[in-house]
2 protein chains.
Amino acid sequence: MPVDCGDCPIRHRAVCARCESEELEHLEQIKYYRNFEAGQTVIWSGDQMDFVASVVSGIATLTQTMEDGRTQMVGLLLPSDFVGRPGRERAAYNVVATSDMVMCCFRRKPFEQMMMRTPHIAQRLLEMTLDELDAAREWMLVLGRKTAREKIASLIAIIARRDAALNMQGMRGPVVLDLPLTREAMADYLGLTLETVSRQVSALKRDGVISLEGKRRVTIPDMGRLLEEAGDDSDGGMPA
Amino acid sequence: MPVDCGDCPIRHRAVCARCESEELEHLEQIKYYRNFEAGQTVIWSGDQMDFVASVVSGIATLTQTMEDGRTQMVGLLLPSDFVGRPGRERAAYNVVATSDMVMCCFRRKPFEQMMMRTPHIAQRLLEMTLDELDAAREWMLVLGRKTAREKIASLIAIIARRDAALNMQGMRGPVVLDLPLTREAMADYLGLTLETVSRQVSALKRDGVISLEGKRRVTIPDMGRLLEEAGDDSDGGMPA
DNA sequence: CCCACGGATTGATCTGAGTCAAGGATTCCT
DNA sequence: AGGAATCCTTGACTCAGATCAATCCGTGGG
């Protein structure tokens, strides 16, 4: 648990990324940390929510549920991602910690006031929201038009990409990563059943697109191949 | 085609909603109108895009396409909606006019500069983007977890809701509306085929959930019933 | 050590939506 | 009026993914 924003691991990616030292000091005064264990619910859709927060470490999911229990994940919250909406009283989604997690919280009212005064925060939040909107739209293509196999390949590719971004390692050669989600969570992400997820993961393994070590650790021998399977075909690497 | 922002039909809902007269004057100087005919493409994904814009009148769609032709709508642009992203060089989606349409465009660079200086614009854009993100997430539930029948009912409900919002009419009693989309566009919206859309529209009609006058005009005798069919069950109206 | 439990796999079967194909209804053009 | 787009509807058949069900595997507890 960091205490000083200067030492914060998400300092340069979170809502506060653009803040200057003076502004940071102000934020320090209204922030507080909260810890969650894997599996714990942060908040239920519809509940009063008088804070907003950044994920400092760990992973959480944003899900929507129908009365009959069908659930769809609508967001995957990774370190530096923002939770909550300024000006909104009640949570719009269920937020559940998927791993042990630390959040940096701000009481909503003071945060809103501060946002009015410091354009740096609003600017950064706009940028982050636009990125999330792009991600949501990519996801809509996956949900609406891709086959089960393509969906699984897409998910693995997305995780590989953000791992690469985080670790600053390019995607030359084989990539190794850990799935941060259970088969069931993957199913909720992709609009499938867990059985189908399991089958398609097995199929990709059988076909040599990925290999598995345990249930969670995935090795991708050829990223280009994976992207093909995802139907992404952004062609990944240039020749030569 | 309005010329004076003061007379603009979307004055109080678009990005410029919060601007004061002085700021509006500045916007007036960099704005220009463009007209599109139904069916015309505004921009292709990947193309250079050196403007951003507001839809003044008419309707456009935002779509993503895979190489093999599968397409998914990722946004439906109605009057006052914003097109383009500050700081982005190239279009991320195809934008196609579905009806005759008028756009109020701003060259991107001057707009970006102005955004830096006038928080009112950035604030409003943030708010609009957050709304779009919410809409995208609701849509994800529709795409990932609803049946074809529920998808159609959901789409009709969404259109009914925004019509109600626009015309300031509540949703008491029967609601009449025009579908702004062809069956094919509805299919692209919902991740279905046009045949399935046609069948399910017929089924909802057969079952008395809606009635049709021509192909496009829909009457909803009982909104509660429609919401049930959509699986939304936000229960719509209170008793008494 | 044995058992229980949660997550994962795999098989058998069913079904909702896709595919392929044949028309019908409007509207526009000549 | 005739022809031909464009859009829509409907039917017959197929198949990808859901459902139902049995089993496996790793881990933690008594």
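Reminder, nothing fancy here: chain letters follow the sequence lines and each chain counts from 1.
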**Prompt:** For B:Asp188 and D:dC7, what is the distance between atoms CG and C1' respectively, to the nearest whole Å?
**Reply:** 14 Å
**Message:** What is the distance, to the nearest angstrom, from the NZ atom on B:Lys146 to the P atom on D:dG17?
**Reply:** 22 Å
**Message:** Do the side chains of A:Arg137 and A:Glu132 get close enough for a salt bridge, i.e. N-O under 4.0 angstrom?
**Reply:** no
**Request:** Answer yes or no: does a side-chain N or O of B:Thr193 lie under 4.0 Å from OP1 or OP2 of C:dA17?
**Result:** no
**Message:** For the backbone of B:Leu190 and the side chain of B:Trp139, can you confirm whether one donor and one acceptor N or O come within less than 3.5 Å of each other?
**Reply:** no
**Prompt:** Rounded to whole angstroms, how far apart are CZ on B:Arg217 and P on D:dC8?
**Reply:** 16 Å
**Message:** Please report the distance, rounded to the nearest Å, between CG in A:Leu143 and P in D:dG17.
**Reply:** 13 Å
**Fill in**
B:Arg149 meets the side-chain hydrogen bond (donor to acceptor under 3.5 Å, both in side chains) criterion, sequence neighbours left out, with B:Asp207, B:Glu229
Can you name the atoms? Protein N/O to nucleotides 9-11 of chain D N/O, anything below 3.5 Å, with the distance.
residue, atom, partner, partner atom, Å
D:dT9, OP1, B:Arg183, NH1, 3.1
D:dT9, OP2, B:Arg183, NH1, 2.6
D:dT9, OP2, B:Ser198, OG, 2.8
D:dT9, O5', B:Ser198, OG, 3.1
D:dT10, OP2, B:Ser202, OG, 2.8
D:dG11, N7, B:Arg199, NH1, 2.9
D:dG11, O6, B:Arg199, NH2, 3.2

**Item:** For atom NZ of B:Lys151 and atom P of C:dA17, their distance in whole Å
**Value:** 8 Å
**Message:** Checking the side chain of B:Gln200 only, and the main-chain atoms of B:Val197 only, is there a donor and an acceptor separated by less than 3.5 Å?
**Reply:** no
**Item:** Min side-chain heavy-atom separation A:Val218-A:Asp178 under 4.5 Å
**Value:** no
**Asked** OP1, OP2 of C:dA8 versus side-chain N and O of A:Arg216: anything below 4.0 Å?
**Response** yes
**Request:** Write down the distance between CG (A:Leu179) and P (C:dT9), rounded to a whole number of angstrom.
**Result:** 10 Å
**Prompt:** Which part of the nucleic acid, if any, lies within contact of B:Gly39, taking any heavy atom under 4.0 Å across all strands shown: a base, the sugar-phosphate backbone alone, or nothing?
**Reply:** nothing
**Flag, side chain of B:Asn94 to backbone of B:Ser45, donor-acceptor distance under 3.5 Å** = yes
**Request:** Could you verify whether a donor N or O on one side chain and an acceptor N or O on the other, from A:Ser211 and A:Lys205, lie under 3.5 Å apart?
**Result:** no
**Request:** Starting at atom CG of A:Leu192, determine the distance to atom C1' of D:dT19, rounded to an integer number of angstrom.
**Result:** 14 Å
**Prompt:** Once you round it to whole Å, what is the distance between P of D:dT6 and CE of B:Met186?
**Reply:** 21 Å
